[in-house]
Protein chains: 2
Amino acid sequence: MAQISTASTSVKHPRSKTRIQQENEERILLAALEVFSQNGFHGATLDRIASAADMSKPNLLYYFKNKEEIHIALLTGLLDVWLAPLREISADGEPTLEIGAYIRRKLESSREFPRESRLFANEILAGAPHIGTFLQTELKQLVDEKAKILQRWIDNGQLAPCDPRHLLFAIWSTTQHYADFSVQVRHVLGLPPGDKSYYTDAAEMLDTLFLGRLMGADDVP
Amino acid sequence: MAQISTASTSVKHPRSKTRIQQENEERILLAALEVFSQNGFHGATLDRIASAADMSKPNLLYYFKNKEEIHIALLTGLLDVWLAPLREISADGEPTLEIGAYIRRKLESSREFPRESRLFANEILAGAPHIGTFLQTELKQLVDEKAKILQRWIDNGQLAPCDPRHLLFAIWSTTQHYADFSVQVRHVLGLPPGDKSYYTDAAEMLDTLFLGRLMGADDVP
DNA sequence: AAGAGATTTGACCAAACGGTAAAAATGTTA
DNA sequence: TAACATTTTTACCGTTTGGTCAAATCTCTT
């Protein structure tokens, strides 16, 4: 479920939030997540969001002053959740275990929050008009920090030499692919719409890819 | 949904194409690629496409009967290009070389055709309303065929055991990531807008990841 | 139960959008 | 160059969309 509502989903109410206010904001954000993630920002209409939230459009606009504000509220609420798996990487752990666990967390995140993943993907594809500065500041800072840890592991000979940042890119892309491109994955595998069974094979593949030896495996049975 | 019209961008002209017709259709498709890839299907407007093609909107609609037809024409034209790198994988080659060359082709394709990649990504993210059957038929068939080749390599001990289809997913996602998420990549790396220099590091990373040993590399200098 | 404040609704609006019709302009060819 | 076909433009239309407003209703407190 979406964590979303951080501190400031600033509505026109400076005072503390009512019970109804909190309920409705959550209902709206949930509905908006559904609609935005399916059709992108421009494909989503206030009418459809309102309808999905079982609410009239003017009522919806009583809680969020416009479409963009809903979108931004959704994105900002998402960012912390999105970065949580990376934050957990510890410098004190064993590289193999740490990276393996990170990949599993990321993949699990894709399976559990596919709509959030697609919302994020849509935003980036559109050029990150709303979270551009977040990428340049918070995300960059976190990546820099974790890249240092990875670099230390490389220097210790515990990890093959590579650009740590690009290693993260590879992890992000492979794991998020299963949420963002799920339609393609299912069609290629010949699976029905709701089927998410491919995640087990995916996990195995990513383990082999990132933790095992992919090529030149002479020790194959 | 709407099926891809076959080869021809069927306009209201059953006869052979005029010089002007060919020029203008190309101009329109180029402009549409720019606009669609930046804003997605719903974010793109006929006015902006027409403006980008330096043409009036009714004139544009003289060549394509509606917005959807432009989008479909663009996608269909793209599919062959998109699959070309995969088609080239040969069963007769050395696995390491074949896969390495495939990855390089794919990455090069991302660098050279980022707009096409984003167009494709947008379509898949939206649930593949226009190319759903293509994914289920042509793409699936090609993947099945190439997966067999990979499986043979695995059985011969030339490639670590893994699900061949998911290996392809991993290659697709990592390579296309650099086109689709280029904004994020640049922001995290602290590069200016036009800079594509990260592709060299990317190529190295993917080589290490797919062809080398990433973890447990005790033979590091 | 009354009053204040919060919430919901229906009616509406201006702009943007996809698309059309027909005339005007241009190109092509006999 | 005249006749015909193709291309372009001007003016327009109906719908959808994001958003407003004031009145009506509901909720909570005292």
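Letters A, B, ... are given to chains in the order of the sequence lines, protein chains preceding strands, and every chain is numbered from 1. Quick caveat, the model's predicted, so the values are computed rather than measured.
Rounded to an integer number of Å, the gap from B/Asn59 CG to D/dT6 P is 15 Å. At whole-Å resolution of the value, CG in B/Leu60 and C1' in D/dT9 are 14 Å apart. The CE-P distance, from B/Met55 to D/dT7, rounds to 11 Å in whole Å. The distance between atom CD of B/Gln21 and atom P of C/dT28, rounded to the nearest whole Å, is 12 Å. At whole-Å resolution of the value, OH in A/Tyr63 and C1' in C/dT9 are 13 Å apart. Whole-Å rounding puts the A/Ile49 CD1 to D/dG19 P distance at 10 Å.
Checked against ring pair (Phe, Tyr, Trp, His ring centres under 6.0 Å), B/His42 has no partners two or more places apart in sequence or in another chain. A/Phe36 pairs by the ring pair (Phe, Tyr, Trp, His ring centres under 6.0 Å) definition with A/Phe41, A/His71, not counting sequence neighbours. Residues satisfying the side chain to side chain donor-acceptor pair (under 3.5 Å) criterion with B/Lys106, sequence neighbours excluded, are absent altogether.
Using modelled atom types, one finds a donor on one side chain and an acceptor on the other under 3.5 Å when comparing A/His130 with A/Glu68.
At D/dT7, one or more side-chain N or O atoms of B/Tyr62 fall inside 4.0 Å of OP1 or OP2 (strictly under the cut-off). Residue B/Asn24 has no polar side-chain atom (N or O) positioned under 4.0 Å from OP1 or OP2 of D/dT6. Listed pair A/Ser56 / C/dT9 meets the phosphate criterion, a side-chain N or O lying under 4.0 Å from OP1 or OP2.
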Please list, for nucleotides 25-29 of chain D, all pairs of protein and nucleotide N/O atoms separated by less than 3.5 Å.
residue : atom : partner : partner atom : Å
D/dC28  : OP1  : A/Arg19 : NH1          : 2.5

Protein N or O to nucleotides 16-23 of chain C N or O, pairs below 3.5 Å:
residue : atom : partner : partner atom : Å
C/dG18  : OP1  : B/Ala44 : O            : 3.3
C/dG18  : OP1  : B/Lys67 : NZ           : 3.0
C/dG18  : OP2  : B/Leu46 : N            : 2.9
C/dG18  : N7   : B/Lys57 : NZ           : 2.9
C/dG19  : OP2  : B/Lys67 : N            : 2.9

Side chain to side chain contact (heavy atoms under 4.5 Å, CB included) between A/Lys196 and A/Tyr178, worked out: CA-CA 9 Å; A/Lys196 285 191 178 184; A/Tyr178 288 103; over 6 Å; no
With a 3.5 Å cut-off and sequence neighbours excluded, list the donor-acceptor pairs that the side chains of residues 45-61 of chain B form with protein atoms.
residue : atom : partner : partner atom : Å
B/Thr45 : OG1  : B/Arg48 : N            : 3.1
B/Ser56 : OG   : B/Asn59 : N            : 3.3

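Between the CD atom of A/Glu138 and the CD1 atom of A/Ile131 there is a distance of 10.5 Å, given to the nearest 0.5 Å. Annotation: the span from B/Arg186 atom CZ to B/Tyr198 atom OH amounts to 6.5 Å, rounded to 0.5 Å.
Comment: A/Asp144 engages A/Arg165 in a salt bridge, judged by a side-chain N to carboxylate O separation of less than 4.0 angstrom.
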